Amino acid sequence: MRPLLCLALVALVALAACGGGAPAPSLVPAARAAALSAEWWNGAVVYEVFVRSFRDSDGDGKGDLAGLISKLDYLNDGDPATATDLGIDAIWLMPIHPSPSYHGYDVTDYDGVNPDYGSSATMDTLIAECHKRGIKVILDFVPNHTSIQHPWFVDSATSVTSSHRDWYVWTPTNPGWTQPWGTGPTWYQVSGSGPWYYVVFWSGMPDLNWRNAAVRAEMDGIAGHWLTRGVDGFRLDAVRYLIEEGPGLQQDRPETHTCLGNWTAGVLAANPHAMVVGESWADCDRASVGGGREHPRLAAHGSDGDGAGRAQSRREHRHPCLERRGDDRGPLAHGHRGGARGGGRGRLVGDTAALRQRNLATSVR
Ligand SMILES: [Ca+2]
Ligand SMILES: [Ca+2]
Ligand SMILES: [Ca+2]
C-alpha cells in the first residue's frame, strides 16, 4: 500500500520572453491566459500522442519518448511570440507503461516505462521538457484491468491462497455473463481449465477486483507515483466498468462511481490542479448521470450519442452536450488531433460534471 504523496501546488512554468525591444503581442487571449493559470484545462488544447507512432529517434521503427522530445518545439516552443508551432497546451500520452501489446492498454508495470519508448529517466526528461515549454502532461491510466502477464495476475492464478488471488475476480464455474454491449463472453479459464476469471474486454485483459481495498490502495499509489514525478493529470480508461454486480449489471454501477470519486479525491489532495478525465463511451445523458456523483472535478469523454464514434480528427465541431443545453459560451468546440488510437477512436466528447463547472477543455483550433 502506498499513500498518495502530497505535493505542493504545481505552478505553471512562465513562458519566457525572447529577444529585446518591445515584446510581441501574445497569441493567447488574455482571458484564456488567465484560465491557463488557474483551471488550466479550461480552453486548453490537449494533443493526444500515441508515442509508438509519433517520432522514432533511433531507427528501430517504433516511435519513442526521445523522438517526442525532439518534436516538442513543433507542438509548443514555449514562446508565445512565435507562430511556427501548434501552440498546444497539454499532451495526453496513450499508455507509456510496459505492455505486451502495441497499444499498451494491457499494462504489466504501472510505475514503469515501456522499453520500446525509452527509459524511466527519459520519461522524466520528457516531463521536464514539456513543463519548460508550458506544456502539461496527461497520462493515460488503465484502472479496470491489467495485462494477463502482469505479475499480479500471474500470482493470482497460481493458487486460491496466493497473495494476489483476490486482486482479480474468480469463480469456480462459468457464470455465463456476456459483455454489456454484446454477446461476447466475459469469463475465461487460464489455459482452458480450472477456475474462471472475469474480463470485460478480452481474455488478455483480466479485470482487477475494485472491491478489494488493496487494489484501490495500489491504484491510489500509482497516481501518487506519477504525480510526484510531475504529471499534471490522468485520462482514465474504461471508467464505466470498474465494478460488476452480475449479468447485465457490468457498467455504470453505483460502486463504480464511488470508487472513481474516492480515487479522484486522492489525486486532487495530492495536486489540486490536476486534470482528471474519464473515458465514458455513452450518450451524453448517460454520461452525465454520474457527473458529480463521483467527484465534481471528474470529467468524462465518450461518444456523442450517434453511435458511430467515427474519427473527427482535425475537424472542428461543437460539443453536443453544449448544443443540447443551448450553451454557446466559451471555446469548447471539442475534438482531438494527433495520433489516433488503434481503430481510429475519434471524438473527445461527452461530459459529466466538467461542463457544468466549465472545466473540461479539449478543443481544435
Ligand atoms: Ca525508436
Ligand atoms: Ca510559439
Ligand atoms: Ca471491472
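Start at 1 and go down the list; that is how both ligands and their atoms are numbered. Not measured: the values here are computed from a predicted model.
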(request) Just say parallel, tilted or perpendicular for the rings of Trp187 and Trp177, cut-offs at 30° and 60°. (result)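 Plane angle over 60°, so perpendicular.
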
(request) Specify whether Trp152 and His150 have parallel, tilted or perpendicular ring planes, treating 30° as the upper limit for parallel and 60° as the lower limit for perpendicular. (result)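 Ring orientation, 0 to 90° scale: tilted.
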
(request) Please identify each residue that fulfils side-chain hydrogen bond (donor to acceptor under 3.5 Å, both in side chains) with Glu245, with sequence neighbours left out. (result)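 Here the qualifying residues are Arg253.
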
(message) Taking 3.0 Å as the cut-off, does Asn76 contribute an N, O or S atom near the Ca ion (ligand 2), distance below it?
(response)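 For Asn76, the answer is no, given that no N, O or S atom comes within less than 3.0 Å of the Ca ion (ligand 2).
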
(message) Ring of Trp281, cation from Arg240 - is the NZ or CZ under 6.0 Å from the centre and inside 45° of the axis?
(response)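 The answer is no, since Arg240 fails at least one limit relative to Trp281.
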
(message) Please determine whether a side-chain nitrogen of the Lys or Arg among Arg229 and Asp124 lies less than 4.0 Å from a carboxylate oxygen of the Asp or Glu.
(response)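 A salt bridge links Arg229 with Asp124.
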
(request) Answer yes when Arg133 and Asp73 have at least one side-chain N-carboxylate O distance shorter than 4.0 Å, and no when they do not. (result)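 Asp73 and Arg133: salt-bridged.
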
Can you find a pair of side-chain heavy atoms, one from [X] and one from [Y], that are under 4.5 Å apart?
X	Y	value
Leu68	Phe54	yes
Asp155	Phe153	no
Val215	Tyr168	no

(request) Provide the protein N, O or S atoms situated under 3.0 Å from the Ca ion (ligand 3); waters are not included. (result)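 N, O, S partners closer than 3.0 Å: Asn144 OD1, Asp207 OD2, Tyr241 O, Leu242 O, Glu244 OE1.
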
(message) With rounding to 10 degrees, what does the angle Thr82:OG1 / the Ca ion (ligand 2) / Asp77:OD1 come to?
(response)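 Roughly 80°, rounded to 10°.
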
(request) Give the atom name of whichever N/O/S atom in Asp79 sits closest to the Ca ion (ligand 2). (result)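 The atom in question is O.
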
(request) With sequence neighbours excluded, give me every salt bridge (charged side-chain N to carboxylate O under 4.0 Å, His left out) pair touching residues 56-65. (result)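 Every salt bridge (charged side-chain N to carboxylate O under 4.0 Å, His left out) pair that includes a residue of residues 56-65, provided the two are not neighbours, is Lys62-Asp116.
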
(request) For the Ca ion (ligand 1), check which protein N, O or S atoms are under 3.0 Å away and list them. (result)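 Near the Ca ion (ligand 1), the protein supplies Asp56 OD1, Asp58 OD1, Asp60 OD1, Lys62 O, Asp64 OD2.
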
